[in-house]
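One structure below.
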2 protein chains.
Amino acid sequence: MSTPVPGPTIYDVAAAAGVATSTVSRAFSNPTRVNATTRERVLAVATELGYRPNPHARALLSGRNHTIAMVVSDITNPHYFELIRGAEMRARASEYTLVLVNAEESPRVEYEQIQRLASSVDGFVLAASRLPDENLRQIAVQRPVVLMSRELAGLSSVVLDHVQGCRQVVEHLASLGHQDVVYLAGPRNSWMAATRWSALRSAAEALGIRATRIGPFTPRVSQGGAAADGALHAGATAIVAHNDLLAIGVLRRLAQRAVRVPDDVSVVGFDNIFAADLCTPTLTTLGGAHADLGRSAVEILLEAVAPVRTKESAPQVVLPTELVLRGSTGPAARPAV
Amino acid sequence: MSTPVPGPTIYDVAAAAGVATSTVSRAFSNPTRVNATTRERVLAVATELGYRPNPHARALLSGRNHTIAMVVSDITNPHYFELIRGAEMRARASEYTLVLVNAEESPRVEYEQIQRLASSVDGFVLAASRLPDENLRQIAVQRPVVLMSRELAGLSSVVLDHVQGCRQVVEHLASLGHQDVVYLAGPRNSWMAATRWSALRSAAEALGIRATRIGPFTPRVSQGGAAADGALHAGATAIVAHNDLLAIGVLRRLAQRAVRVPDDVSVVGFDNIFAADLCTPTLTTLGGAHADLGRSAVEILLEAVAPVRTKESAPQVVLPTELVLRGSTGPAARPAV
DNA sequence: CTGAAAGCGCTAACAA
DNA sequence: TTGTTAGCGCTTTCAG
């Protein structure tokens, strides 16, 4: 089954068209610097022979190969799916190839994979990187980098506006009369987890309600049990989970324990994944245009990889969130007897 | 922000270690054919200098670059997510790089992308390819190919056992007393859609119940409305949707029309996506180990790309399905008055 | 506008 | 076991 076919080279084309290899090369990569007539002849011969430029040879010279890598911290989270989708579409639109790598929530794996790819891709999109700041800075010296769902001074990034978003969440809960909210924290080295907590806490402070953090939890449905129990134990009337998966796990556990949502306790998630609109009750969650995040990250990366306007800046894009109200939040229960 | 750093070459290493470039090369790619002592010295110098082999140069010689592409017919379908996950894990385990491409349900886009990548990747995994047989055969001549969720004589493939699976579905419905099942067909050029229908039909025939097909439908939630209406119009007591997304859309529409599930009509999907267990009612669906599909496809592809045992066959793997019974199927309604 | 020729970094004969 | 020497296919000065 299939043998790597050799394929014609510019030598074959040059010979067949009666020109030098450099002319063939120019006809393809520098069309303006070759006579229109000869160019067309060359191109005609090329297509006739079925010539296709060898990307490896091209990459050897230029060092670039129209390929970028997207490294996601945990591919099992459906939330990333949207990011990947957006990134893939944007990359393809510019005829860039997208390499996908999963870091399995492990900084070590993440770093190793990045180093493995560093010399074979033109740049990196790092989604929710778990690497320490200094590593990121060091990588950014080797290759252009755009961070997603993480910010670091001096590096390009694309994030959702969680300061604003978390405030909305807290205001929503406060307006329902909640006085005690518990945040179920995400992974220890997740920038998002830290950001959400700090945003929630200051919003809570501003509104004069209590905010507690418990965790960290691996943000999976399966962790919802422990998380829910912990939250109830902490005496919360409102639970804000690090993401929708964890929130769904919490809903399950609460149902199991016959705790009514939202009558007894309200639950809020993050990400607005597809399933958030299907679970019972449906989940109130802080969403945003995640595919746009992916798109935007790639767009910024491409600009860094192949600059058009020579602006040497590191844009830090912040996209708006949207609080999607559904069935899992409601008025705070009366203080327990 | 970041300049593509030059980096040391084997010349630098060779000079620093006082050996020839070929020795350096061998020390890396053919360790046995170089004196242990010099090898270690070379490697020491190499790491000291921070030398990393240039993959482009290597690829130029060998024609291979430890990279495979996975082309999915529609990346918006969360079902593919699992396939991608499995494929990525398997590829990474063998230090292969996985390129991800979305074909947007368009055979033209699919073909173009494959041709664009043909000379820069070592092989292809084509997930639910929408290309005509002859195109697939032609591609398989250029590069090793493994099909997923599609079979074609002479090509490697990995599929779930839908003949068996569809029989289970029909038997399940028949055992509940259903006499009329409607299949909501998937895309016209989907091999899976054709396969499912033929398997459903023959199973129905064997059991003496009626099977009708309507469609094709784009398998999205949004198409569930039209699909549900069509199915009711066809007088079905049981609806088998091409996939879970469509099935969920059907459930929504039925709820809207106050048709009770499963009391008035039963609904079955395919894929067992995460959301199938969260919707209301929960969805009976034909699932399978989708991540294993991805894993398996990549495994076969790697064997074709870099053969270990020289077996020149084209394995056609068939993995088992599992019928997941949930709340959307129940006894057939009594014949309408 | 076009051609000749020198490499990009590495591997693979072929010699030594 | 190691070194020498051609290239892989393409781009890019530098002449013409």
Side-chain angles (χ1 to χ4, degrees), chain A residues 3-43 45-46 49-67 117-122 142 306, chain B residues 3-43 45-46 49-67 117-122 142 306:
Chain A
T3 324
V5 166
T9 74
I10 49 171
Y11 288 95
D12 303 319
V13 178
V19 296
T21 61
S22 48
T23 303
V24 178
S25 174
R26 279 189 280 258
F28 278 91
S29 40
N30 231 331
T32 59
R33 304 207 321 180
V34 62
N35 182 301
T37 332
T38 47
R39 166 159 33 100
E40 281 180 31
R41 182 157 46 89
V42 169
L43 295 181
V45 173
L49 265 57
Y51 166 77
R52 308 194 62 105
N54 179 324
H56 302 316
R58 207 180 275 225
L60 178 53
L61 271 296
S62 66
R64 299 200 277 88
N65 64 354
H66 257 230
T67 299
L117 290 172
S119 46
S120 41
V121 302
D122 299 349
Q142 306 179 53
Chain B
T3 323
V5 165
T9 73
I10 47 173
Y11 288 96
D12 304 318
V13 178
V19 297
T21 62
S22 49
T23 303
V24 178
S25 173
R26 280 188 281 258
F28 278 92
S29 39
N30 230 331
T32 59
R33 303 208 321 180
V34 60
N35 183 302
T37 332
T38 48
R39 165 159 35 99
E40 279 179 34
R41 182 157 44 89
V42 169
L43 295 182
V45 173
L49 264 58
Y51 165 77
R52 307 194 61 107
N54 179 324
H56 302 315
R58 207 180 273 223
L60 178 53
L61 271 295
S62 66
R64 299 200 276 85
N65 63 355
H66 257 230
T67 299
L117 290 171
S119 44
S120 41
V121 302
D122 298 348
Q142 305 178 54

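Naming convention: chains lettered A, B, ... in sequence-line order (proteins, then strands); numbering from 1 in each chain. Only a predicted model underlies this, so the values are computations on that prediction, with no experimental measurement involved.
- The shortest heavy-atom contact between B:Pro8 and B:Tyr51 is O-CD1, 3.3 Å.
- Nearest to the side chain of A:Arg26, among D:dT13, D:dT2, D:dG7, sits D:dT13.
- Counting to the nearest Å, the P atom of D:dG9 and the CG atom of A:Asp12 are 9 Å from each other.
- Between B:Thr38 and D:dT2, a side-chain N or O to OP1/OP2 separation shorter than 4.0 Å is present.
- Ranking D:dC10, D:dT4, D:dT12 by closeness to the B:Ser22 side chain, first place goes to D:dT4.
- Side-chain contact between A:Val34 and A:Asn30 is absent, with no heavy-atom pair separated by less than 4.5 Å.
- Looking at B:Thr67, its side chain does come within 3.5 Å of a backbone N or O of B:Asn65 through a donor-acceptor pair.
- Of all non-hydrogen atoms in A:Arg39 and A:Pro31, the two that sit nearest each other are NE-O, 3.1 Å.
- The nucleotide range of DNA chain C contacted by chain B, defined by atoms under 4.0 angstrom from heavy atoms of the protein and reported 5' to 3', is C:dG9 to C:dA13.
- Nearest approach of A:His56 to B:Gly63, heavy atoms of both residues: NE2-O, 4.0 Å.
- In this structure, B:Glu40 places its CD atom 16 Å from C1' of D:dT1, rounding to the nearest Å.
- The base of D:dC8 lies outside donor-acceptor range of the side chain of A:Tyr11, with no N or O pair under 3.5 Å.
- Rounded to whole Å, atom P of D:dT11 lies 13 Å from atom CZ of A:Arg64.
- Side-chain N/O atoms of B:Thr23 and base N/O atoms of D:dT1 include no donor-acceptor pair closer than 3.5 Å.
- In this structure, A:Thr23 OG1 and A:Arg33 CZ are separated by 11.0 Å, a value rounded to the nearest 0.5 Å.
- A:Asn35 CG to A:Glu40 CD: the interatomic distance, rounded to the nearest 0.5 Å, is 9.5 Å.
- Only one option out of B:Ile10, B:Asp12, B:Thr38 pairs with B:Val24 in a side chain to side chain contact (heavy atoms under 4.5 Å, CB included); it is B:Ile10.
- Taking atom CG of A:Leu60 as the reference point, atom C1' of D:dC8 lies 9 Å away to the nearest angstrom.
- Residue contacts for A:Val19: at a heavy-atom cut-off of 4.0 Å it reaches the sugar-phosphate backbone alone, with no base atom in range.
- Residue-level contact check: A:Thr9 touches the backbone only, with heavy atoms under 4.0 Å from sugar-phosphate atoms and none from bases.
- Between the side chain of A:Arg52 and the base of D:dG9, no donor-acceptor pair of N or O atoms lies under 3.5 Å.
- Remark: A:Arg58 is in phosphate contact with D:dT11, judged by side-chain N or O atoms under 4.0 Å from OP1 or OP2.
- In this structure, of D:dT13, D:dG7, D:dG3, it is D:dG3 that holds the atom nearest to the side chain of B:Ala20.
- The distance between atom CG of A:Asn54 and atom P of D:dG7, rounded to the nearest whole Å, is 18 Å.
- For the contact set between residues 28-35 of chain A and DNA chain D, defined by any heavy atom under 4.0 Å, the members are A:Ser29.
- Under the 3.5 Å distance criterion, the side-chain polar atoms of A:Arg41 are matched with a main-chain donor or acceptor of A:Ala17.
- Judged by distance alone, the side chain of A:Ser29 and the main-chain N or O of A:Ser25 form a donor-acceptor pair under 3.5 Å.
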